[in-house]
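This chain uses plain numbering: 1 for the first residue, then up along the sequence. All values derive from a computational prediction rather than experimental measurement.
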Amino acid sequence: MPDIKLPDGKKIPFLNKIDGFEIANKISKSLAKEACVMSVNGELKDLSFLIKNDVEVRIITTKDKEGLEVIRHDAAHILAMAVQELFPGTQVTIGPVIEDGFYYDFSRKEAFTNDDLKKIENKMKEIVDRNEPTKREVWKRNDAIEHFKKIGEHYKSEIIKDIPDNEEISIYHHGKWHDLCKGPHLPSTGKVGKHFKLTKVSGAYWRGNSNNEMLQRIYGTCWGTKKELEQYLIRLEEAEKRDHRKLGKEMDLFHFREESPGAVFWHPKGWTLFQTLVSYMRQKQKIAGYKEINTPEILDKVLWEQSGHWEKFGENMFTSETPDEKTFAIKPMNCPGCIQVFNQGLKSYRDLPLKLSEFGKVHRYEPSGALHGLLRVRAFTQDDAHIFCTEDQITDECLSITNLILEIYKDLGFKNVLLQFSDRPEKRVGDDKIWDKAESALLKAIKQSKLKYEINKGEGAFYGPKIDFVLRDTIGRDWQCGTLQVDLNLPGRLGATYVSKDGTKKIPVMLHRALFGSLERFIGILIEHYAGKLPLWLAPLQVVVLPITSDSNNYAKKIFEQCLKAGINTEVDLKNQKINYKIREHSLSKVPLLLICGKKEEKDKSITIRKLGSEKQETLSLDKAIKNISQKNKLPIN
């Protein structure tokens with residue numbers, strides 16, 4: 001007789017073992033129609049899963065985040081079904097859910113075309129109409145390996161071999177078609193609906209290894225309603241227009257080369273933007289009591305072994321051996337180096353909290369197929385900081401960091417921020433009392449921010465809980481940028497101590513804090529957020545002076561010189577071209593202000609101002625114009 005506890009605390013007793021269908025029907029008929037899967041004691045299960053004991057159950061629908069992910073997972077399976085029905089002999093590999101959609105990797109000699117995508121999409125809709133029933137089975141490992149080999153699915157058999165021995169080999173059937181999958185899944189293909197679209201096809205190496213076969217990856221998106229799909233497609237179209245790689249070229253900010261994949265070649269304007277952000281951050285951090293340091297980019301392997309990074313992160317590190325047979329690694333993060341600075345000299349409790357910031361260049365190996373402009377690189381600069389404090393100081397420091405992060409995001413035009421709180425995972429280090437204190441401090445900081453937040457149960461780092469800061473841009477996309485992590489592990493591993501009030505040595509708590517995460521990635525996000533039309537203080541080129549004819553070149557040069565003296569990033573365009581051509585050229589490169597001058601302006605000692613995105617023009621005295629621009633050009637430091 002299982003008692004089923006619902007999210008509102010109500011309990012429903014049942015005489016015999018029951019499944020999710022019965023529970024949903026018992027709650028309401030409308031819920032039963034919308035049900036996708038269920039959560040049983042926090043674990044997602046098929047609605048057909050039989051419950052024998054007392055448990056907590058939540059019925060999941062498409063309105064829930066988990067329900068939408070399940071629909072997308074089913075859509076990936078239906079994509080694979082459609083491909084194999086249309087193109088027999090195609091092997092399927094993996095098909096996970098991703099942000100806003102799904103993909104599936106296929107092994108096929110012929111390349112998929114855009115026409116093929118339309119055919120596949122139509123076949124998927126046909127499969128939805130067929131409403132094929134879904135059934136889960138557990139197979140013996142060897143039987144599953146032999147079965148997939150027999151039907152020519154060699155990739156599947158290889159995947160099964162790598163599944164840990166203690167895990168079940170779960171097979172899902174959708175009608176006659178079947179796939180290796182953990183699940184859960186919808187009761188039938190008809191439940192997926194038709195609010196999906198295949199978006200593109202690209203190449204992807206098997207298991208992300210360039211030494212393996214190149215597969216074909218078909219991407220798709222899937223939503224709970226037609227309106228959500230249409231809104232997403234509009235957002236996708238707008239995102240293409242805002243692509244930072246395209247705008248970066250138009251604005252002459254940066255480029256990439258095959259000789260150094262995943263590393264940015266900054267042009268003068270791009271580097272000006274980079275340094276403007278750094279200058280802004282330096283001032284904000286100085287006011288907040290941070291002291292800036294810099295640590296070596298290359299460190300001995302021994303230090304990475306002591307810190308634990310070699311074991312956890314070694315395969316993503318770039319290494320080098322010296323003639324004396326020592327192994328060095330280019331740092332993938334700044335934390336161990338920062339602790340070495342802390343360890344120099346005896347520290348007292350009176351020195352804490354000690355806030356050390358660093359704009360540290362780090363390098364991490366990413367598969368070449370995963371690289372994506374500034375948003376996914378191998379070499380990047382972290383706006384890192386580490387705060388060494390006592391256990392009693394955790395709460396105040398977390399509040400201080402959270403307020404600083406939110407203040408900076410607001411200055412940069414991001415007002416819609418979501419916080420994600422991740423608490424202790426099952427496998428962790430540190431005393432539970434310290435975990436209690438750390439989690440309480442982080443939650444208090446979140447609640448005082450009065451922002452929306454989500455709880456990611458058990459998703460904290462093994463060394464401490466964390467807050468992730470998610471920004472929503474102007475077209476509704478979410479970007480995880482800042483992070484605040486409480487570290488109960490690394491300081492002790494690397495010998496960090498301070499002298500407490502009672503004269504004994506204690507290990508400090510270390511707070512890891514990044515505001516942008518990566519300056520390169522954040523610049524990419526900024527470019528797309530503003531569609532290249534950056535605020536005046538951020539714009540790498542703020543003003544271009546345009547003489548209408550060559551007769552006004554000397555006056556244009558004087559304006560240029562006065563702007564430079566006022567600290568305005570300025571250029572003067574003396575090319576022998578028509579003024580309308582010049583206006584169009586500099587507008588396309590997203591220059592915020594164009595200062596146009598002719599004989600009349602020279603006579604009146606004035607200038608005509610044209611703002612980016614507007615056809616209206618305003619004529620002011622030169623002195624007043626430069627004063628106005630200078631006032632708007634200040635860093636937003638309170």
Side-chain angles (χ1 to χ4, degrees), residues 241-242 244 246-254 266-277 279-280 412-413 523 526-527 529-637:
K241 296 176 188 174
R242 294 167 176 260
H244 73 281
K246 171 178 166 287
L247 291 172
K249 187 175 182 180
E250 291 175 1
M251 297 169 72
D252 191 22
L253 301 178
F254 58 85
W266 289 106
H267 300 186
K269 291 175 188 173
W271 193 240
T272 298
L273 171 56
F274 187 101
Q275 291 300 328
T276 300
L277 271 179
S279 296
Y280 164 74
L412 291 164
I523 288 172
L526 274 174
I527 292 168
H529 176 64
Y530 285 106
K533 300 173 185 176
L534 297 166
L536 185 67
W537 71 273
L538 263 180
L541 177 56
Q542 296 162 326
V543 166
V544 173
V545 184
L546 304 178
I548 296 172
T549 65
S550 58
D551 292 343
S552 302
N553 280 1
N554 287 334
Y555 184 53
K557 289 177 185 176
K558 289 179 182 177
I559 296 167
F560 166 69
E561 289 168 1
Q562 287 191 43
C563 285
L564 285 184
K565 286 178 183 177
I568 302 164
N569 292 330
T570 311
E571 289 182 1
V572 59
D573 187 343
L574 303 178
K575 294 193 294 291
N576 187 22
Q577 292 168 334
K578 291 183 178 180
I579 188 65
N580 286 340
Y581 178 87
K582 290 181 180 181
I583 289 171
R584 183 175 180 277
E585 180 187 13
H586 295 296
S587 295
L588 284 173
S589 62
K590 306 296 185 291
V591 178
L593 297 173
L594 301 180
L595 305 189
I596 301 165
C597 61
K599 289 182 180 179
K600 185 177 184 303
E601 284 82 6
E602 185 172 2
K603 181 183 175 183
D604 298 341
K605 293 185 180 178
S606 65
I607 196 72
T608 296
I609 304 171
R610 186 184 179 106
K611 294 180 181 178
L612 181 62
S614 173
E615 293 185 4
K616 292 181 181 179
Q617 297 184 159
E618 179 185 21
T619 302
L620 297 173
S621 71
L622 181 57
D623 289 344
K624 186 174 182 180
I626 291 176
K627 183 180 179 181
N628 287 352
I629 295 168
S630 296
Q631 286 175 342
K632 293 175 183 176
N633 189 32
K634 293 177 181 177
L635 296 180
I637 306 293

**Study point:** Residues forming a side chain to side chain donor-acceptor pair (under 3.5 Å) with Arg610, sequence neighbours excluded
**Key:** Gln617
Practice item. Could you list the residues that satisfy salt bridge (charged side-chain N to carboxylate O under 4.0 Å, His left out) with Lys533, not counting sequence neighbours? Key: none
**Study point:** Listed partners of Lys557 passing side-chain contact (heavy atoms from CB on, under 4.5 Å), at least two apart
**Key:** Asn554, Leu574
Check your understanding: Any side-chain heavy atom of Pro547 within less than 4.5 Å of one from Lys582?
Key -> yes
Practice item. Taking side-chain contact (heavy atoms from CB on, under 4.5 Å) as the test, write out the residues that go with Ser550, two or more places apart. Key: Asn553
Practice item. Under the side chain to side chain donor-acceptor pair (under 3.5 Å) rule, collect the residues that match up with His244, sequence neighbours excluded. Key: Glu528
Donor-acceptor pairs under 3.5 angstrom involving side-chain atoms of residues 623-633: please list them, not counting sequence neighbours.
| residue | atom | partner | partner atom | Å |
| --- | --- | --- | --- | --- |
| Ser630 | OG | Ile626 | O | 2.9 |
| Asn633 | OD1 | Gln542 | NE2 | 2.4 |
| Asn633 | ND2 | Gly567 | O | 3.2 |

Practice item. Taking the side chain as every heavy atom from C-beta outward, state whether Leu541 and Thr272 have any atom pair closer than 4.5 Å. Key: no
Check your understanding: Excluding sequence neighbours, so at least two apart, what forms side-chain contact (heavy atoms from CB on, under 4.5 Å) with Pro268?
Key -> none
Practice item. Any side-chain hydrogen bond (donor to acceptor under 3.5 Å, both in side chains) involving residues 561-575? Give me the pairs, sequence neighbours left out, ordered by first then second residue. Key: Asp573-Lys575, Asp573-His586
Revision key, fill the gap. By side-chain contact (heavy atoms from CB on, under 4.5 Å), Trp271 pairs with (sequence neighbours left out) Trp266, Phe274, Gln275
Review point. Got a sec, which residues hit side chain to side chain donor-acceptor pair (under 3.5 Å) with Lys600, two or more places apart in sequence or on another chain?
Key: Asp604
Check your understanding: Which residues pass the side chain to side chain donor-acceptor pair (under 3.5 Å) test with Thr619, sequence neighbours left out?
Key -> Thr608
Hey, can you pull the donor-acceptor pairs under 3.5 Å for the side chains in residues 247-254, sequence neighbours left out?
| residue | atom | partner | partner atom | Å |
| --- | --- | --- | --- | --- |
| Glu250 | OE2 | Lys246 | NZ | 3.3 |
| Asp252 | OD1 | His267 | ND1 | 2.7 |

